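Here is the structure we will look at, set down as structure tokens.
All values reported here derive from a predicted model rather than from experimental measurement. Naming: A, B, ... by sequence-line order, numbering from 1 per chain.
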Amino acid sequence: MAPVLGQFGRTVFSNFAKGYSHPKVYLSNTSSSFREMSQGKKILLTTGCFLTTAAAGLAYSLNESVKAIDLNLHPPKYPWPHKGHRHEPELLAALPFRKLELDKAIGLYDAASLRRGWQVYKQVCAACHSLRFVAYRQFVDLFMTEDEAKAEAAEATITDGPDANGKMFQRPGKLADYIPSPYPNEEAARVANGGAYPPDLSNITVGREGDEDYVFSLLRGYADPPAGVELGENQHFNLYMQGNAIAMAQALYNGLIEYDDGTPATASQMAKDVTHFLAYCATPELESWKKYLFKWTIISTCLFGLAWYYKRHLWASLVYRRVAYRDVNKKH
Amino acid sequence: MKKILNNIFFIPTPSNISLMWNFGSLLGLSMVIQSISGIFVSMHYCNNTLLAFNSYIFLSKIIENGMILQMTHAHFSSIIFIIMYIHIMKSLLNKSFNKKQMWISGNLMLFMIMGSAFIGYVLPWGQMSFWGATVITNILSSIPFLGKKIVFWVWGSFSVDNPTLNRFFSLHFLMPLMILAMSMIHLSILHEKGSSNQMGLNSSKDKIYFNKSFMFKDLISLMLMVMFYCLMLSFFIDFHFSMAKENFFPADPLNTPLHIKPEWYFMFAYAILRSVPSKIGGILSLLILFLLFILLMFNKSNYSKFFFKKKMLIFIFLTCFIILTNMGYKLIEYPFTEISLFFGMLIILILPLM
């Protein structure tokens, strides 16, 4: 490898020093002003270019690390199972290497966490927040059996109608129903919550800067306001909210609910589970999308290889031909 | 029919053109992918202000494989712009702007694709769609005397509302067809004039039939694009990279988002627009930029593409474009407005020098 690289480097360098940016432009390169440049100037130019690139790289990395265009706290990155962080110790021990990118491609939802998250949503969040675009049937075979999901749907009361008399009526939910909203409309929600509108949660993890990390951080980011900060009525201090004032009071406390599977219901555990569940609600087809991507990565790589080989095959005679100009006046 | 096939398969093509000449065909193929996915997306779309957002979310959540359809359509708009900008860079480098008809038809396509992308962005009727439409259509109000009337005429109402959405949907269906027709014109002019080549020589010296050789060369780039797309999305990029966060919430005329910003491909124009303090000034500078860009076809400079100064000019043009794109994301405050003003002026001044 080293000799090949060395040879390549030498060729490139010698071409550059001669003023040819590419071996192919040898003939037509008469107007390049690199050729007339002195050795010192060339070295100066090269150093200047290197320094400019380094400065640009430094500026980019500084910009990336700070991103200080807004005066708000950005959430840290957390390991989400569907974003590619696996927690099974046996699996981790068995892997010969660990690449985060590989995990991102194959990371899927954690069914147990989704089940707990639904429990948290139902018992805590559903009092104020709607989940308009999620149906009970989506839970079947994901983290519930069909019977469980039917029972879950039957607990809800759905307004249906109009019936034969032209009246709306109430009925227990079915699998095909969407999760009912706590308030009939936005105005009712605002009145009940002191003027603040609790947003619909079906897109919350993709609709906020910082995605799942933001939602988790927000749920865990309550603190006493520091000295000198005055909050309005019905407002609470949250580190991760824009402007630090949030109308929602802290909702999750240690031991607030009791999980069916016996997991200790700490506030962090509940925040993680409900965020994971909301991430599922936002992108329910993530798993099939990843499956398609995985297939198409393999298929297109193979097809690219084949097309490349066949193109080389077609071009072989063309690339290696030589054009010779014969002097017709000269007698052989 | 035979004539058309002959025009496709047996067109004499310079034998030495590099992979940079593949981006044109790649652009056509991406447009085809975009059109097909667009037709399927439109089957699930309702163009009414009350239903548009819901239908878009239903497509991406509830409908079987709808997310894949919707994401393909959203991602390929970005991909088309990436390919188109590289294609334009290639023609700047090779002085292809001297072919007047090619340059004009290409520029018309560029503006139509920009318009189509903007109109398509309004259709989901999310927060950013609504406010983006409000901001951009309001540009027309800076026309003296008639501005206000023209804006109302475009809206079909007294604000961005249902009639606006309806006509934008129709236009979003119509425009790609016009772009496809224009690309046929672009292609037939190319076939009449012949391709340039990277040696800067007369292309007619050494030509071979397009036929299988170049078809497989174009196939390579298509496969490479699909491969990169899948690899990037599976390993590196967030799936929602091309969608504004605010657009996941329905349009609310009473609630302005904190930062109204277009997609990345309009950022350079947006930065120039904002850098000048007065409304009409920003629009004028943007118009001057586009006008100078079109007028490049009258450029008679004898610089060879290998000339050092020419290379540097192209490099500065590219750098300005990248910096302006970056500046569009920043707040309107001390260092950023000045930087975008400087680079906006530079990109306008550098065009006549090419």
Is the shortest heavy-atom distance from the side chain of Val206(A) to the side chain of Met243(B) under 4.5 Å?
-> no
Given side chain to side chain contact (heavy atoms under 4.5 Å, CB included), test Ile62(B) with Arg137(A) step by step and report yes or no.
-> CA-CA 11 Å; Ile62(B) 311 291; Arg137(A) 62 183 163 75; 3.2 Å; yes
Here the gap from His240(B) atom NE2 to Thr205(A) atom OG1, rounded to the nearest 0.5 Å, amounts to 7.5 Å
Side chain to side chain contact (heavy atoms under 4.5 Å, CB included) assessment of Phe304(A) paired with Leu219(B) | CA-CA 8 Å; Phe304(A) 166 65; Leu219(B) 195 67; over 6 Å; no
Sub-4.5 Å side-chain heavy-atom contact between Asp211(A) and Asp238(B) = yes
Applying a strict 4.5 Å limit to non-hydrogen atoms, the region of Arg132(A) in contact with chain B is side chain
Are Lys290(A) and Phe239(B) close enough, and set up right, to give a side chain to side chain contact (heavy atoms under 4.5 Å, CB included), and what steps lead you there?
-> CA-CA 10 Å; Lys290(A) 282 188 178 181; Phe239(B) 301 138; 4.0 Å; yes
What part of Leu222(B) gets closer than 4.5 Å to chain A, counting heavy atoms only: side chain, backbone, both or neither?
-> neither
Short side-chain to backbone donor-acceptor contact, Trp315(A) and Ser213(B), under 3.5 Å = yes
Flag the pair Arg321(A) and Asp206(B) as a salt bridge only when some basic side-chain nitrogen lies within less than 4.0 angstrom of an acidic carboxylate oxygen.
-> yes
Find the one option among Leu286(A), Asp200(A), Val134(A) whose heavy-atom pairs under 4.5 Å with chain B are most numerous.
-> Leu286(A)
How far apart are the closest heavy atoms of Thr283(A) and Met67(B), and which atoms are they?
-> CG2-CE, 3.9 Å
Answer yes or no: does atom CZ of Phe241(B) have more than 12 heavy-atom neighbours from other residues, nucleotides or ligands under 6.0 Å?
-> yes
When you look at Met223(B) and Leu306(A), which way does the side chain to side chain contact (heavy atoms under 4.5 Å, CB included) test go after all the steps?
-> CA-CA 10 Å; Met223(B) 288 306 154; Leu306(A) 279 174; over 6 Å; no
Sort Tyr292(A) into side chain, backbone, both or neither according to what part of it lies under 4.5 angstrom from a heavy atom of chain B.
-> side chain
Nearest 0.5 Å, what's the CD1-CE distance between Ile299(A) and Met227(B)?
-> 13.5 Å
Mark yes when over 12 heavy atoms from residues, nucleotides or ligands other than Lys174(A) sit less than 6.0 Å from its NZ; otherwise mark no.
-> no
Okay, Leu318(A) and chain B: the region with an atom under 4.5 Å from a heavy atom over there is side chain
Segment of Ile237(B) engaging chain A (4.5 angstrom heavy-atom cut-off) = backbone
Options Phe133(A), Trp296(A), Trp308(A), ranked by heavy-atom pairs under 4.5 Å with chain B, top entry | Phe133(A)
Any sub-3.5 Å donor-acceptor pair from Lys61(B)'s side-chain atoms to Ala282(A)'s backbone N or O?
-> yes
Just how far is it from atom CZ of Phe315(B) to atom SG of Cys49(A), taken to the nearest 0.5 Å?
-> 7.0 Å
Looking at OG1 of Thr297(A) and OH of Tyr229(B), how far apart are the two atoms once the value is rounded to the nearest 0.5 Å?
-> 10.5 Å
What closest approach, in Å, do Phe249(B) and Pro199(A) show between heavy atoms, and which atom pair accounts for it?
-> CE2-CB, 4.5 Å
Are Tyr178(A) and Phe58(B) near enough that their ring centres are under 6.0 Å apart?
-> yes
At a heavy-atom separation under 4.5 Å, does Ile63(B) approach chain A through its side chain, its backbone, both, or neither?
-> backbone
Enter the distance from His313(A):NE2 to Phe216(B):CZ here, rounded to the nearest 0.5 Å.
-> 10.0 Å
Who among Asn65(B), Leu224(B), Leu231(B), Leu233(B) has the most heavy-atom pairs with chain A under 4.5 Å?
-> Asn65(B)
Crowding at CZ, Arg190(A) (>12 non-hydrogen neighbours, <6.0 Å) = yes
Got more than 12 heavy atoms from elsewhere within 6.0 Å of CZ, Phe40(B)?
-> no
What is the distance from atom CD of Glu209(A) to atom CD of Glu246(B), rounded to the nearest 0.5 Å?
-> 7.5 Å
